[in-house]
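All values derive from a computational prediction rather than experimental measurement.
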Amino acid sequence: MNIARLRQEAELRQVDLARAMGVDRSTVAKWESGISSPKSAVLPKLANVLGCNIEKLFELPVEQTAQ
């Protein structure tokens with residue numbers, strides 16, 4: 001998932017995203033590191049907060065698609 005990149009592009013800190021999502025900052029850190037993934041029920045809200053669509057959350061970064 002591209003949560004960290006999209007969060008940075010939205011100029012949000014982990015704590016900002018966590019507050020908007022109603023979760024702990026550690027939850028956002030786990031999502032970004034791949035330790036866990038957000039539940040499907042929160043994907044629409046996550047995409048909205050990050051200013052993208054759900055599909056964008058799952059797109060591979062350009063550097064990975066070129067390999």
Side-chain angles (χ1 to χ4, degrees):
M1 294 190 89
N2 295 316
I3 297 171
R5 181 177 56 79
L6 292 167
R7 175 183 57 77
Q8 291 165 354
E9 287 175 3
E11 299 182 358
L12 296 171
R13 299 173 300 161
Q14 283 184 341
V15 69
D16 300 325
L17 180 55
R19 285 184 185 136
M21 294 300 299
V23 299
D24 289 335
R25 190 209 52 82
S26 62
T27 300
V28 172
K30 289 176 184 176
W31 292 345
E32 292 183 355
S33 66
I35 293 172
S36 67
S37 297
K39 295 184 183 206
S40 59
V42 303
L43 293 178
K45 182 176 182 179
L46 180 60
N48 184 53
V49 170
L50 294 174
C52 66
N53 58 37
I54 293 172
E55 292 80 19
K56 186 90 169 169
L57 295 172
F58 293 96
E59 285 180 0
L60 289 176
V62 173
E63 60 273 3
Q64 286 187 1
T65 58
Q67 295 178 353

Contacts table for residues 30-40: side-chain donor-acceptor under 3.5 angstrom, sequence neighbours left out:
{"unit_1": "E32", "atom_1": "OE1", "unit_2": "R7", "atom_2": "NH2", "d": "3.2"}
{"unit_1": "E32", "atom_1": "OE1", "unit_2": "Q14", "atom_2": "NE2", "d": "2.7"}
{"unit_1": "E32", "atom_1": "OE2", "unit_2": "R7", "atom_2": "NE", "d": "2.5"}
{"unit_1": "E32", "atom_1": "OE2", "unit_2": "R7", "atom_2": "NH2", "d": "3.4"}
{"unit_1": "S33", "atom_1": "OG", "unit_2": "A29", "atom_2": "O", "d": "3.1"}
{"unit_1": "S33", "atom_1": "OG", "unit_2": "K30", "atom_2": "O", "d": "3.3"}

List the atom of [X], the atom of [Y], and the distance in Å for their closest heavy-atom pair.
X   : Y   : value
R25 : V15 : CG-N, 3.8 Å
A47 : N53 : CB-C, 3.8 Å
V23 : V28 : CG2-CG2, 4.0 Å

For the residue pair M21 and L46, establish whether any side-chain heavy-atom pair is separated by less than 4.5 Å.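 SC-SC contact between M21 and L46 confirmed.
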
Reported [atom1]-to-[atom2] distance for the pair [X] and [Y], which is rounded to 0.5 angstrom:
X   : Y   : atom1 : atom2 : answer
I3  : L12 : CD1   : CG    : 12.5 Å
L43 : N48 : CG    : CG    : 12.5 Å
L17 : Q8  : CG    : CD    : 11.0 Å

List for me each residue that meets side chain to side chain donor-acceptor pair (under 3.5 Å) alongside D16, sequence neighbours excluded, and say none if there are none. R13

Does any N or O in the side chain of K45 come within less than 3.5 Å of the main-chain N or O of A20, such that one atom is a donor and the other an acceptor?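 Side chain of K45 to backbone of A20: a pair is present.
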
